[in-house]
There are 2 protein chains.
Amino acid sequence: MLTEERHQFIRDRLAAEGKVLAGELASRFGVSEDTVRRDLRELAKAGQLRRVYGGAVPSAPFAAATISQRSGHAVEEKMRLAKVAVGVLASGQTLFIDGGTTNEAIARAIPRDVELTVATNSIAVASALAGLPLVELIVLGGRYVRDLGTCVGGDTLAAVAQLGADLFFLGSCGLDASRGVTAFDSAEAEVKRAMARNSAGIVIAATTDKLATAAPYRVAAPDAIRHLVVEKTAPSTILADFERLGAEIHFA
Amino acid sequence: MLTEERHQFIRDRLAAEGKVLAGELASRFGVSEDTVRRDLRELAKAGQLRRVYGGAVPSAPFAAATISQRSGHAVEEKMRLAKVAVGVLASGQTLFIDGGTTNEAIARAIPRDVELTVATNSIAVASALAGLPLVELIVLGGRYVRDLGTCVGGDTLAAVAQLGADLFFLGSCGLDASRGVTAFDSAEAEVKRAMARNSAGIVIAATTDKLATAAPYRVAAPDAIRHLVVEKTAPSTILADFERLGAEIHFA
DNA sequence: GCATGTTCTGCATGTTTATGCAAGAAATAG
DNA sequence: CTATTTCTTGCATAAACATGCAGAACATGC
(Lines give C-alpha, C1' and ligand atoms only; values in the text may rest on other atoms or scores of the structure.)
Protein backbone atom coordinates (compact mmCIF):
# COMPACT_ATOMS: atom_id res chain seq x y z
CA MET A 1 0.00 0.00 0.00
CA LEU A 2 1.59 3.22 -1.21
CA THR A 3 1.40 6.34 0.91
CA GLU A 4 -0.05 8.07 -2.10
CA GLU A 5 -2.83 5.48 -2.30
CA ARG A 6 -3.86 6.19 1.24
CA HIS A 7 -3.89 9.89 0.52
CA GLN A 8 -6.01 9.36 -2.54
CA PHE A 9 -8.42 7.16 -0.67
CA ILE A 10 -8.75 9.72 2.08
CA ARG A 11 -9.44 12.45 -0.45
CA ASP A 12 -12.07 10.36 -2.20
CA ARG A 13 -13.68 9.29 1.00
CA LEU A 14 -13.84 12.86 2.22
CA ALA A 15 -15.47 13.97 -0.98
CA ALA A 16 -17.95 11.12 -0.82
CA GLU A 17 -18.87 11.05 2.84
CA GLY A 18 -17.73 14.35 4.25
CA LYS A 19 -15.58 12.88 7.01
CA VAL A 20 -12.99 10.26 7.86
CA LEU A 21 -12.14 8.62 11.18
CA ALA A 22 -8.53 7.94 12.06
CA GLY A 23 -9.21 4.57 13.64
CA GLU A 24 -11.39 3.40 10.81
CA LEU A 25 -8.80 4.36 8.20
CA ALA A 26 -6.05 2.63 10.17
CA SER A 27 -7.88 -0.69 10.24
CA ARG A 28 -8.89 -0.37 6.61
CA PHE A 29 -5.34 0.34 5.48
CA GLY A 30 -3.80 -2.15 7.88
CA VAL A 31 -1.44 0.44 9.35
CA SER A 32 -1.15 2.06 12.74
CA GLU A 33 -3.19 5.09 13.67
CA ASP A 34 0.04 7.04 13.89
CA THR A 35 0.59 6.57 10.20
CA VAL A 36 -2.94 7.69 9.44
CA ARG A 37 -2.45 10.73 11.59
CA ARG A 38 0.72 11.53 9.71
CA ASP A 39 -1.23 11.23 6.45
CA LEU A 40 -3.90 13.55 7.76
CA ARG A 41 -1.27 16.00 8.92
CA GLU A 42 0.31 16.13 5.49
CA LEU A 43 -2.98 16.50 3.68
CA ALA A 44 -3.99 19.22 6.10
CA LYS A 45 -0.72 21.02 5.45
CA ALA A 46 -1.48 20.83 1.75
CA GLY A 47 -4.87 22.36 2.45
CA GLN A 48 -6.76 19.33 1.23
CA LEU A 49 -8.64 18.68 4.45
CA ARG A 50 -9.15 20.02 7.92
CA ARG A 51 -8.19 17.92 10.90
CA VAL A 52 -10.65 17.46 13.70
CA TYR A 53 -10.51 15.47 16.88
CA GLY A 54 -10.98 11.85 15.79
CA GLY A 55 -10.35 12.30 12.10
CA ALA A 56 -10.77 14.95 9.44
CA VAL A 57 -13.37 16.83 7.39
CA PRO A 58 -13.16 18.56 4.01
CA SER A 59 -11.56 21.96 3.97
CA ALA A 60 -13.62 23.30 1.08
CA PRO A 61 -17.18 24.40 1.73
CA PHE A 62 -18.02 22.60 -1.49
CA ALA A 63 -18.19 19.14 0.01
CA ALA A 64 -19.84 20.51 3.11
CA ALA A 65 -22.84 21.45 1.03
CA THR A 66 -23.21 17.94 -0.22
CA ILE A 67 -22.77 16.30 3.15
CA SER A 68 -26.06 17.56 4.44
CA GLN A 69 -27.81 15.85 1.57
CA ARG A 70 -26.26 12.52 2.32
CA SER A 71 -26.77 10.11 5.10
CA GLY A 72 -24.25 7.35 5.55
CA HIS A 73 -26.69 4.83 4.20
CA ALA A 74 -27.31 6.60 0.92
CA VAL A 75 -23.60 6.73 0.18
CA GLU A 76 -23.18 2.99 0.39
CA GLU A 77 -26.26 2.46 -1.71
CA LYS A 78 -25.10 4.92 -4.33
CA MET A 79 -21.71 3.28 -4.54
CA ARG A 80 -23.40 -0.06 -5.09
CA LEU A 81 -25.62 1.43 -7.78
CA ALA A 82 -22.58 3.05 -9.37
CA LYS A 83 -20.62 -0.20 -9.52
CA VAL A 84 -23.47 -1.87 -11.36
CA ALA A 85 -24.14 1.14 -13.57
CA VAL A 86 -20.61 1.21 -14.97
CA GLY A 87 -21.24 -2.35 -16.07
CA VAL A 88 -23.26 -1.08 -19.03
CA LEU A 89 -20.22 0.84 -20.29
CA ALA A 90 -18.00 -0.36 -23.08
CA SER A 91 -14.59 0.94 -24.04
CA GLY A 92 -14.68 3.43 -26.89
CA GLN A 93 -18.14 4.81 -26.14
CA THR A 94 -19.14 8.43 -25.89
CA LEU A 95 -21.24 9.50 -22.91
CA PHE A 96 -23.24 12.36 -21.56
CA ILE A 97 -23.13 12.44 -17.79
CA ASP A 98 -25.58 14.63 -15.96
CA GLY A 99 -25.32 16.04 -12.46
CA GLY A 100 -26.44 14.56 -9.17
CA THR A 101 -24.68 12.63 -6.45
CA THR A 102 -25.47 9.26 -7.99
CA ASN A 103 -23.85 10.26 -11.25
CA GLU A 104 -20.88 11.58 -9.35
CA ALA A 105 -20.54 8.17 -7.73
CA ILE A 106 -20.78 6.57 -11.16
CA ALA A 107 -18.05 8.82 -12.52
CA ARG A 108 -15.82 7.84 -9.62
CA ALA A 109 -16.55 4.18 -10.22
CA ILE A 110 -15.39 4.19 -13.84
CA PRO A 111 -12.34 1.93 -14.09
CA ARG A 112 -9.06 3.49 -15.13
CA ASP A 113 -8.54 1.20 -18.08
CA VAL A 114 -11.72 2.10 -19.97
CA GLU A 115 -11.30 4.48 -22.87
CA LEU A 116 -14.21 6.90 -23.12
CA THR A 117 -15.26 10.27 -24.39
CA VAL A 118 -17.39 11.97 -21.76
CA ALA A 119 -19.27 15.24 -21.91
CA THR A 120 -20.64 16.57 -18.64
CA ASN A 121 -22.12 19.77 -17.26
CA SER A 122 -21.42 18.72 -13.67
CA ILE A 123 -18.36 20.17 -11.98
CA ALA A 124 -18.17 17.26 -9.56
CA VAL A 125 -18.30 14.71 -12.38
CA ALA A 126 -15.67 16.65 -14.31
CA SER A 127 -13.42 16.71 -11.24
CA ALA A 128 -13.81 12.98 -10.84
CA LEU A 129 -13.00 12.29 -14.48
CA ALA A 130 -10.08 14.68 -14.57
CA GLY A 131 -7.99 11.94 -12.99
CA LEU A 132 -8.66 9.29 -15.60
CA PRO A 133 -5.97 9.40 -18.30
CA LEU A 134 -7.94 7.46 -20.89
CA VAL A 135 -11.06 9.60 -20.66
CA GLU A 136 -11.40 12.39 -23.18
CA LEU A 137 -13.32 14.95 -21.17
CA ILE A 138 -15.53 17.66 -22.61
CA VAL A 139 -16.86 20.18 -20.15
CA LEU A 140 -20.25 21.62 -21.03
CA GLY A 141 -20.01 25.15 -19.75
CA GLY A 142 -22.66 27.69 -19.00
CA ARG A 143 -24.27 29.35 -16.04
CA TYR A 144 -23.49 27.33 -12.94
CA VAL A 145 -26.45 26.53 -10.72
CA ARG A 146 -25.32 25.98 -7.17
CA ASP A 147 -28.28 23.85 -6.10
CA LEU A 148 -27.77 21.43 -8.95
CA GLY A 149 -23.98 21.46 -9.22
CA THR A 150 -24.34 21.69 -12.98
CA CYS A 151 -24.21 24.22 -15.76
CA VAL A 152 -27.33 25.19 -17.67
CA GLY A 153 -28.41 27.84 -20.14
CA GLY A 154 -28.01 28.67 -23.80
CA ASP A 155 -24.28 28.03 -23.90
CA THR A 156 -24.77 24.61 -22.40
CA LEU A 157 -27.49 23.76 -24.89
CA ALA A 158 -25.32 24.92 -27.78
CA ALA A 159 -22.44 22.76 -26.59
CA VAL A 160 -24.69 19.71 -26.20
CA ALA A 161 -26.14 20.25 -29.67
CA GLN A 162 -22.71 19.74 -31.19
CA LEU A 163 -22.27 16.32 -29.67
CA GLY A 164 -23.74 12.89 -29.98
CA ALA A 165 -23.39 10.13 -27.42
CA ASP A 166 -23.99 6.40 -27.11
CA LEU A 167 -25.33 6.67 -23.60
CA PHE A 168 -26.72 9.38 -21.40
CA PHE A 169 -26.44 8.97 -17.65
CA LEU A 170 -29.43 10.93 -16.49
CA GLY A 171 -29.60 11.90 -12.85
CA SER A 172 -31.46 13.64 -10.06
CA CYS A 173 -34.93 13.38 -11.47
CA GLY A 174 -38.37 12.15 -10.80
CA LEU A 175 -39.16 8.83 -12.39
CA ASP A 176 -42.59 7.52 -13.18
CA ALA A 177 -43.79 4.87 -15.60
CA SER A 178 -46.61 6.99 -16.96
CA ARG A 179 -45.05 10.45 -17.03
CA GLY A 180 -41.50 9.36 -17.74
CA VAL A 181 -38.47 11.28 -16.53
CA THR A 182 -39.17 14.67 -15.01
CA ALA A 183 -37.08 17.51 -13.57
CA PHE A 184 -37.68 20.22 -11.00
CA ASP A 185 -36.22 23.13 -12.89
CA SER A 186 -37.01 24.49 -16.32
CA ALA A 187 -33.48 25.28 -17.46
CA GLU A 188 -32.21 21.99 -16.03
CA ALA A 189 -34.90 20.12 -17.93
CA GLU A 190 -33.95 21.83 -21.16
CA VAL A 191 -30.36 20.65 -20.91
CA LYS A 192 -31.39 17.12 -19.99
CA ARG A 193 -33.79 17.05 -22.95
CA ALA A 194 -31.02 18.14 -25.29
CA MET A 195 -28.72 15.42 -23.97
CA ALA A 196 -31.48 12.83 -24.28
CA ARG A 197 -32.19 13.90 -27.85
CA ASN A 198 -28.54 13.49 -28.85
CA SER A 199 -28.03 10.12 -27.22
CA ALA A 200 -28.71 6.64 -28.49
CA GLY A 201 -29.76 5.38 -25.06
CA ILE A 202 -30.57 6.63 -21.59
CA VAL A 203 -29.20 5.09 -18.40
CA ILE A 204 -30.79 5.92 -15.06
CA ALA A 205 -29.46 4.81 -11.72
CA ALA A 206 -31.99 5.63 -9.04
CA THR A 207 -32.34 4.92 -5.37
CA THR A 208 -35.70 3.49 -4.40
CA ASP A 209 -37.02 6.79 -3.06
CA LYS A 210 -36.71 8.34 -6.52
CA LEU A 211 -39.00 5.79 -8.09
CA ALA A 212 -42.62 6.68 -8.73
CA THR A 213 -42.04 10.38 -8.17
CA ALA A 214 -42.77 13.14 -10.64
CA ALA A 215 -41.62 16.73 -11.06
CA PRO A 216 -43.13 19.52 -13.19
CA TYR A 217 -40.87 19.46 -16.24
CA ARG A 218 -40.85 16.60 -18.68
CA VAL A 219 -37.41 15.37 -19.79
CA ALA A 220 -37.93 12.08 -21.58
CA ALA A 221 -40.67 9.62 -22.36
CA PRO A 222 -40.84 6.51 -20.16
CA ASP A 223 -39.95 4.25 -23.09
CA ALA A 224 -36.72 6.18 -23.75
CA ILE A 225 -34.97 4.47 -20.85
CA ARG A 226 -32.70 1.68 -21.98
CA HIS A 227 -30.98 0.78 -18.71
CA LEU A 228 -32.46 1.20 -15.26
CA VAL A 229 -30.20 0.49 -12.29
CA VAL A 230 -32.09 0.08 -9.03
CA GLU A 231 -31.70 -1.32 -5.54
CA LYS A 232 -33.10 -4.69 -4.64
CA THR A 233 -35.67 -2.91 -2.50
CA ALA A 234 -37.31 -1.32 -5.52
CA PRO A 235 -41.02 -2.20 -5.86
CA SER A 236 -41.40 -4.82 -8.56
CA THR A 237 -44.66 -3.41 -9.90
CA ILE A 238 -42.92 -0.21 -10.98
CA LEU A 239 -40.00 -2.12 -12.44
CA ALA A 240 -42.40 -4.30 -14.39
CA ASP A 241 -43.90 -1.18 -15.95
CA PHE A 242 -40.52 0.07 -17.11
CA GLU A 243 -39.50 -3.37 -18.29
CA ARG A 244 -42.62 -3.56 -20.43
CA LEU A 245 -41.62 -0.20 -21.94
CA GLY A 246 -38.30 -1.64 -23.05
CA ALA A 247 -35.93 -0.88 -20.18
CA GLU A 248 -33.33 -3.38 -19.05
CA ILE A 249 -33.38 -3.64 -15.26
CA HIS A 250 -30.12 -4.04 -13.34
CA PHE A 251 -30.14 -4.80 -9.61
CA ALA A 252 -27.42 -3.44 -7.35
CA MET B 1 13.77 -6.89 -22.83
CA LEU B 2 14.28 -3.46 -24.30
CA THR B 3 14.30 -0.39 -22.11
CA GLU B 4 11.55 1.06 -24.27
CA GLU B 5 9.44 -2.05 -23.71
CA ARG B 6 9.65 -1.56 -19.99
CA HIS B 7 8.76 2.09 -20.34
CA GLN B 8 5.74 1.25 -22.44
CA PHE B 9 4.62 -1.38 -19.98
CA ILE B 10 4.97 1.06 -17.12
CA ARG B 11 2.93 3.68 -18.96
CA ASP B 12 0.19 1.18 -19.77
CA ARG B 13 0.10 -0.21 -16.30
CA LEU B 14 -0.06 3.25 -14.83
CA ALA B 15 -2.98 4.19 -17.03
CA ALA B 16 -4.79 0.96 -16.24
CA GLU B 17 -4.20 0.64 -12.52
CA GLY B 18 -3.20 4.07 -11.34
CA LYS B 19 0.05 2.95 -9.73
CA VAL B 20 3.14 0.81 -10.13
CA LEU B 21 5.39 -0.71 -7.51
CA ALA B 22 9.14 -0.75 -8.05
CA GLY B 23 9.62 -4.21 -6.59
CA GLU B 24 6.76 -5.70 -8.53
CA LEU B 25 8.02 -4.28 -11.82
CA ALA B 26 11.51 -5.56 -11.10
CA SER B 27 10.38 -9.15 -10.63
CA ARG B 28 8.05 -8.95 -13.62
CA PHE B 29 10.78 -7.62 -15.91
CA GLY B 30 13.43 -9.87 -14.44
CA VAL B 31 15.73 -6.95 -13.72
CA SER B 32 16.98 -5.32 -10.55
CA GLU B 33 15.00 -2.68 -8.74
CA ASP B 34 17.75 -0.24 -9.57
CA THR B 35 16.97 -0.55 -13.23
CA VAL B 36 13.30 -0.02 -12.58
CA ARG B 37 14.09 3.02 -10.52
CA ARG B 38 16.17 4.37 -13.37
CA ASP B 39 13.22 3.82 -15.69
CA LEU B 40 10.91 5.63 -13.31
CA ARG B 41 13.37 8.46 -12.97
CA GLU B 42 13.49 8.96 -16.72
CA LEU B 43 9.74 8.78 -17.15
CA ALA B 44 9.29 11.22 -14.31
CA LYS B 45 11.75 13.59 -15.93
CA ALA B 46 9.68 13.37 -19.10
CA GLY B 47 6.61 14.25 -17.07
CA GLN B 48 4.88 10.96 -17.79
CA LEU B 49 4.50 9.93 -14.18
CA ARG B 50 5.13 11.07 -10.65
CA ARG B 51 7.46 9.10 -8.45
CA VAL B 52 6.38 8.25 -4.96
CA TYR B 53 8.02 6.23 -2.25
CA GLY B 54 7.63 2.61 -3.34
CA GLY B 55 6.79 3.19 -6.98
CA ALA B 56 5.00 5.78 -9.08
CA VAL B 57 1.55 7.19 -9.84
CA PRO B 58 0.17 9.00 -12.90
CA SER B 59 1.01 12.64 -13.22
CA ALA B 60 -2.32 14.35 -12.67
CA PRO B 61 -3.14 18.03 -12.78
CA PHE B 62 -3.42 18.02 -9.03
CA ALA B 63 -0.20 16.09 -8.88
CA ALA B 64 1.71 19.22 -9.69
CA ALA B 65 -0.16 21.00 -6.97
CA THR B 66 0.36 18.16 -4.56
CA ILE B 67 4.03 17.91 -5.23
CA SER B 68 4.65 21.58 -4.80
CA GLN B 69 2.41 21.61 -1.77
CA ARG B 70 4.35 18.71 -0.41
CA SER B 71 7.35 20.93 -0.04
CA GLY B 72 5.19 23.08 2.18
CA HIS B 73 6.96 26.23 1.17
CA ALA B 74 5.32 26.80 -2.18
CA VAL B 75 1.80 26.37 -0.90
CA GLU B 76 2.29 28.91 1.83
CA GLU B 77 3.84 31.30 -0.64
CA LYS B 78 0.90 30.86 -2.97
CA MET B 79 -1.57 31.43 -0.19
CA ARG B 80 0.24 34.61 0.73
CA LEU B 81 0.16 35.73 -2.88
CA ALA B 82 -3.52 34.84 -3.06
CA LYS B 83 -4.43 36.84 0.02
CA VAL B 84 -2.79 39.92 -1.46
CA ALA B 85 -4.20 39.28 -4.92
CA VAL B 86 -7.80 39.26 -3.73
CA GLY B 87 -7.10 42.71 -2.38
CA VAL B 88 -7.47 44.17 -5.87
CA LEU B 89 -11.02 42.84 -6.07
CA ALA B 90 -14.08 44.95 -5.50
CA SER B 91 -17.62 43.79 -4.94
CA GLY B 92 -19.73 43.79 -8.05
CA GLN B 93 -16.89 43.15 -10.49
CA THR B 94 -16.77 40.60 -13.26
CA LEU B 95 -13.68 38.41 -13.55
CA PHE B 96 -12.00 35.93 -15.80
CA ILE B 97 -9.97 33.44 -13.82
CA ASP B 98 -7.51 31.26 -15.63
CA GLY B 99 -6.06 27.91 -14.55
CA GLY B 100 -2.97 27.17 -12.48
CA THR B 101 -2.41 26.44 -8.83
CA THR B 102 -1.86 30.07 -7.93
CA ASN B 103 -5.22 31.04 -9.39
CA GLU B 104 -6.82 28.14 -7.57
CA ALA B 105 -5.39 29.52 -4.35
CA ILE B 106 -6.76 32.95 -5.27
CA ALA B 107 -10.20 31.50 -5.90
CA ARG B 108 -10.13 29.84 -2.49
CA ALA B 109 -9.02 33.09 -0.88
CA ILE B 110 -12.00 35.09 -2.12
CA PRO B 111 -14.05 36.11 0.92
CA ARG B 112 -17.60 34.86 1.20
CA ASP B 113 -19.11 38.32 1.43
CA VAL B 114 -17.87 39.63 -1.91
CA GLU B 115 -20.36 39.66 -4.73
CA LEU B 116 -18.77 38.76 -8.04
CA THR B 117 -19.43 37.35 -11.46
CA VAL B 118 -16.66 34.94 -12.37
CA ALA B 119 -16.02 33.10 -15.60
CA THR B 120 -13.39 30.37 -15.51
CA ASN B 121 -12.17 27.52 -17.67
CA SER B 122 -10.46 25.80 -14.74
CA ILE B 123 -12.27 22.93 -13.06
CA ALA B 124 -10.39 23.47 -9.83
CA VAL B 125 -11.28 27.15 -9.74
CA ALA B 126 -14.90 26.33 -10.52
CA SER B 127 -14.95 23.79 -7.69
CA ALA B 128 -13.55 26.37 -5.32
CA LEU B 129 -16.08 29.00 -6.31
CA ALA B 130 -19.01 26.59 -6.25
CA GLY B 131 -19.15 27.09 -2.50
CA LEU B 132 -19.46 30.87 -2.55
CA PRO B 133 -23.14 31.86 -2.50
CA LEU B 134 -22.61 35.42 -3.72
CA VAL B 135 -20.51 34.46 -6.74
CA GLU B 136 -22.30 34.10 -10.02
CA LEU B 137 -20.25 31.41 -11.68
CA ILE B 138 -19.94 30.88 -15.41
CA VAL B 139 -18.09 27.79 -16.50
CA LEU B 140 -16.22 28.11 -19.78
CA GLY B 141 -16.53 24.65 -21.24
CA GLY B 142 -14.59 22.94 -23.95
CA ARG B 143 -12.06 20.21 -24.39
CA TYR B 144 -10.45 19.52 -21.03
CA VAL B 145 -6.67 19.38 -21.04
CA ARG B 146 -5.43 17.24 -18.22
CA ASP B 147 -1.99 18.78 -17.96
CA LEU B 148 -3.40 22.27 -17.62
CA GLY B 149 -6.53 21.52 -15.63
CA THR B 150 -8.43 23.86 -17.92
CA CYS B 151 -10.71 23.76 -20.93
CA VAL B 152 -9.54 25.00 -24.30
CA GLY B 153 -10.70 24.92 -27.90
CA GLY B 154 -13.27 26.56 -30.10
CA ASP B 155 -16.13 26.20 -27.65
CA THR B 156 -14.10 27.86 -24.94
CA LEU B 157 -13.15 30.71 -27.24
CA ALA B 158 -16.76 31.22 -28.27
CA ALA B 159 -17.87 31.36 -24.65
CA VAL B 160 -15.15 33.86 -23.76
CA ALA B 161 -16.09 36.02 -26.73
CA GLN B 162 -19.54 36.56 -25.30
CA LEU B 163 -18.23 37.97 -22.05
CA GLY B 164 -16.45 41.04 -20.85
CA ALA B 165 -14.67 41.37 -17.53
CA ASP B 166 -13.14 44.01 -15.33
CA LEU B 167 -10.17 41.91 -14.38
CA PHE B 168 -8.45 38.84 -15.77
CA PHE B 169 -6.46 36.70 -13.37
CA LEU B 170 -3.89 35.22 -15.69
CA GLY B 171 -1.95 32.21 -14.49
CA SER B 172 0.70 29.56 -15.17
CA CYS B 173 2.73 31.49 -17.70
CA GLY B 174 6.12 32.77 -18.49
CA LEU B 175 6.61 36.41 -17.62
CA ASP B 176 9.21 38.69 -19.12
CA ALA B 177 9.39 42.47 -19.34
CA SER B 178 10.38 42.46 -23.00
CA ARG B 179 8.32 39.58 -24.38
CA GLY B 180 5.34 40.02 -22.08
CA VAL B 181 3.18 37.11 -20.98
CA THR B 182 3.80 33.83 -22.75
CA ALA B 183 2.27 30.34 -22.64
CA PHE B 184 3.58 26.86 -23.34
CA ASP B 185 0.69 25.59 -25.40
CA SER B 186 -0.92 26.98 -28.52
CA ALA B 187 -4.57 26.28 -27.63
CA GLU B 188 -3.99 27.47 -24.08
CA ALA B 189 -2.49 30.71 -25.38
CA GLU B 190 -5.47 31.28 -27.64
CA VAL B 191 -7.90 31.13 -24.74
CA LYS B 192 -5.74 33.39 -22.59
CA ARG B 193 -5.48 35.88 -25.44
CA ALA B 194 -9.26 35.94 -25.81
CA MET B 195 -9.69 36.53 -22.10
CA ALA B 196 -7.10 39.28 -22.15
CA ARG B 197 -8.79 40.96 -25.11
CA ASN B 198 -12.15 41.01 -23.33
CA SER B 199 -10.86 42.33 -20.02
CA ALA B 200 -10.21 45.85 -18.85
CA GLY B 201 -7.17 44.84 -16.82
CA ILE B 202 -4.87 41.89 -16.25
CA VAL B 203 -3.80 40.66 -12.83
CA ILE B 204 -0.86 38.29 -12.50
CA ALA B 205 0.23 36.66 -9.28
CA ALA B 206 3.55 34.94 -9.81
CA THR B 207 6.05 33.20 -7.59
CA THR B 208 9.59 34.41 -8.04
CA ASP B 209 10.63 31.46 -10.16
CA LYS B 210 8.08 32.44 -12.82
CA LEU B 211 9.59 35.86 -13.31
CA ALA B 212 11.91 36.48 -16.23
CA THR B 213 10.93 33.28 -17.99
CA ALA B 214 9.47 32.99 -21.46
CA ALA B 215 7.47 30.36 -23.32
CA PRO B 216 6.84 30.03 -27.06
CA TYR B 217 3.36 31.51 -27.39
CA ARG B 218 2.64 35.17 -26.85
CA VAL B 219 -0.42 35.95 -24.72
CA ALA B 220 -0.28 39.63 -23.85
CA ALA B 221 2.04 42.59 -24.22
CA PRO B 222 4.11 43.50 -21.17
CA ASP B 223 2.29 46.83 -20.76
CA ALA B 224 -1.09 45.06 -20.53
CA ILE B 225 -0.46 44.04 -16.94
CA ARG B 226 -2.24 46.25 -14.48
CA HIS B 227 -1.56 44.42 -11.22
CA LEU B 228 1.45 42.29 -10.50
CA VAL B 229 1.49 40.36 -7.22
CA VAL B 230 4.93 39.02 -6.29
CA GLU B 231 6.89 37.72 -3.36
CA LYS B 232 9.29 39.94 -1.47
CA THR B 233 12.12 37.87 -2.93
CA ALA B 234 11.36 39.03 -6.46
CA PRO B 235 14.31 40.76 -8.15
CA SER B 236 13.70 44.51 -8.09
CA THR B 237 15.20 45.12 -11.53
CA ILE B 238 12.48 43.05 -13.17
CA LEU B 239 9.79 44.70 -11.09
CA ALA B 240 11.09 48.13 -12.08
CA ASP B 241 10.68 47.17 -15.74
CA PHE B 242 7.05 46.19 -15.25
CA GLU B 243 6.38 49.23 -13.10
CA ARG B 244 7.69 51.47 -15.86
CA LEU B 245 5.28 49.73 -18.22
CA GLY B 246 2.35 50.71 -16.03
CA ALA B 247 1.92 47.77 -13.69
CA GLU B 248 1.06 48.25 -10.06
CA ILE B 249 3.29 46.05 -7.91
CA HIS B 250 1.88 44.34 -4.82
CA PHE B 251 4.17 42.52 -2.39
CA ALA B 252 3.01 39.42 -0.55
C1' DG C 1 38.65 -10.11 -36.79
C1' DC C 2 39.81 -6.64 -33.38
C1' DA C 3 39.76 -2.45 -30.82
C1' DT C 4 37.13 1.31 -29.05
C1' DG C 5 33.49 3.78 -27.17
C1' DT C 6 28.76 3.82 -25.63
C1' DT C 7 24.90 2.17 -23.23
C1' DC C 8 22.73 -0.73 -20.10
C1' DT C 9 22.77 -3.28 -16.00
C1' DG C 10 23.72 -4.99 -11.29
C1' DC C 11 26.07 -4.53 -6.97
C1' DA C 12 27.91 -2.12 -2.78
C1' DT C 13 27.79 2.10 -0.32
C1' DG C 14 25.73 5.48 2.45
C1' DT C 15 21.50 8.36 2.85
C1' DT C 16 16.67 9.28 3.13
C1' DT C 17 11.96 7.99 4.14
C1' DA C 18 8.14 5.56 6.17
C1' DT C 19 6.46 3.22 9.93
C1' DG C 20 5.46 1.62 14.60
C1' DC C 21 6.13 2.02 19.49
C1' DA C 22 6.27 4.48 23.94
C1' DA C 23 5.53 8.32 26.92
C1' DG C 24 3.65 12.57 27.89
C1' DA C 25 0.30 16.39 26.50
C1' DA C 26 -4.16 17.77 24.97
C1' DA C 27 -8.92 17.33 24.09
C1' DT C 28 -13.37 15.32 24.93
C1' DA C 29 -17.03 13.01 27.53
C1' DG C 30 -19.33 11.71 31.72
C1' DC D 1 -13.17 17.24 38.09
C1' DT D 2 -11.79 12.80 36.50
C1' DA D 3 -11.38 9.12 33.16
C1' DT D 4 -10.86 8.03 28.54
C1' DT D 5 -9.71 8.80 24.14
C1' DT D 6 -7.00 11.09 20.89
C1' DC D 7 -2.97 13.51 19.70
C1' DT D 8 2.07 14.91 19.50
C1' DT D 9 6.86 14.02 20.02
C1' DG D 10 11.04 11.50 19.98
C1' DC D 11 13.23 7.46 18.76
C1' DA D 12 14.43 2.84 16.61
C1' DT D 13 14.14 -0.04 12.65
C1' DA D 14 13.51 -1.61 8.23
C1' DA D 15 12.53 -0.53 3.66
C1' DA D 16 13.30 2.31 -0.28
C1' DC D 17 16.36 5.31 -2.43
C1' DA D 18 20.66 7.77 -4.78
C1' DT D 19 25.27 7.33 -6.09
C1' DG D 20 29.59 5.55 -7.74
C1' DC D 21 31.70 1.86 -9.89
C1' DA D 22 32.60 -2.30 -12.62
C1' DG D 23 31.30 -5.72 -15.90
C1' DA D 24 28.40 -7.14 -19.99
C1' DA D 25 26.20 -6.24 -24.33
C1' DC D 26 26.17 -3.67 -28.28
C1' DA D 27 27.36 -0.89 -32.19
C1' DT D 28 30.91 1.41 -34.83
C1' DG D 29 35.24 2.09 -37.18
C1' DC D 30 39.63 0.30 -38.48
Side-chain angles (χ1 to χ4, degrees), chain A residues 1-14 16-60 63-64 67-68 72, chain B residues 1-60 62-76 79:
Chain A
M1 168 71 77
L2 256 43
T3 305
E4 186 59 31
E5 286 183 272
R6 291 199 308 272
H7 288 194
Q8 192 56 51
F9 183 91
I10 292 170
R11 275 188 287 261
D12 287 347
R13 186 93 168 189
L14 267 181
E17 302 199 12
K19 68 164 183 177
V20 289
L21 304 176
E24 188 184 313
L25 289 173
S27 62
R28 175 174 287 267
F29 294 146
V31 299
S32 74
E33 293 199 15
D34 302 70
T35 301
V36 171
R37 273 186 259 279
R38 262 184 280 254
D39 289 339
L40 296 180
R41 215 174 301 166
E42 285 177 38
L43 290 168
K45 192 172 180 182
Q48 305 192 358
L49 54 77
R50 190 163 59 85
R51 295 193 68 189
V52 295
Y53 196 82
V57 295
S59 58
I67 300 169
S68 54
Chain B
M1 167 71 76
L2 255 43
T3 304
E4 188 54 35
E5 287 182 273
R6 292 199 306 273
H7 286 197
Q8 192 54 51
F9 184 90
I10 292 171
R11 275 188 288 261
D12 290 347
R13 184 94 169 194
L14 218 44
E17 304 201 4
K19 67 156 184 173
V20 290
L21 304 177
E24 189 184 310
L25 289 173
S27 61
R28 173 172 290 267
F29 294 147
V31 299
S32 74
E33 294 199 12
D34 302 68
T35 301
V36 171
R37 272 188 260 277
R38 264 183 280 254
D39 290 338
L40 296 180
R41 215 175 304 168
E42 286 176 38
L43 290 167
K45 197 171 179 182
Q48 306 194 3
L49 54 77
R50 186 163 61 89
R51 295 194 67 189
V52 297
Y53 195 84
V57 295
S59 60
F62 292 97
T66 310
I67 203 155
S68 61
Q69 287 171 352
R70 206 183 180 86
S71 68
H73 173 73
V75 71
E76 297 195 3
M79 280 181 165

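Chain A is the first sequence line, chain B the second, and so forth, proteins listed ahead of strands; every chain is numbered from 1. All heavy atoms count here, side chains included; hydrogens, waters and symmetry mates do not.
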Is there a Watson-Crick or G-U wobble partner for dC30(D) with both distances under 3.5 Å, and if so, which one is it?
dG1(C)

If you take all heavy atoms of [X] and [Y], which pair is closest and at what distance?
X	Y	value
Val20(A)	Leu25(A)	CB-CD1, 3.7 Å
Leu2(A)	Leu21(B)	CD1-CD2, 3.1 Å
Leu49(B)	Ala56(B)	CD1-CB, 3.8 Å
Gly18(B)	Pro58(B)	O-CD, 3.1 Å

Using a distance-only criterion (donor-acceptor N/O pair, under 3.5 Å, no hydrogens), is the base of dT28(C) paired with the side chain of Tyr53(A)?
no

Would you sort out whether Glu33(B) and Arg37(B) count as a salt bridge (charged side-chain N to carboxylate O under 4.0 Å, His left out), showing the intermediate values?
CA-CA 6 Å; Glu33(B) 294 199 12; Arg37(B) 272 188 260 277; 3.0 Å; yes

Quick note, Ser32(A) side chain, CB onward, closest among dG20(C), dA16(D), dT8(D) is dG20(C)

Roughly, in whole Å, what's the span from [atom1] in [X] to [atom2] in [N]?
X	N	atom1	atom2	answer
Leu21(B)	dA16(D)	CG	P	9 Å
Arg51(B)	dT16(C)	CZ	C1'	13 Å
Leu2(B)	dA27(D)	CG	P	11 Å

Atom CZ of Arg13(B): over 12 foreign heavy atoms under 6.0 Å:
yes

If we ignore hydrogens and angles and just use 3.5 Å, is the side chain of Ser59(B) paired with the main-chain N or O of Gly47(B) as donor and acceptor?
yes

Given Arg11(A), Glu5(A), Arg6(A), the one that forms side-chain contact (heavy atoms from CB on, under 4.5 Å) with Gln8(A):
Arg11(A)

Can you sort out which residues in residues 3-15 of chain B have a heavy atom within less than 4.0 Å of DNA chain D? Ascending by number, please.
none

Residues of residues 33-47 of chain B with any non-hydrogen atom less than 4.0 angstrom from an atom of DNA chain D: list those, numerically ordered, please.
Asp34(B), Arg37(B), Arg41(B)

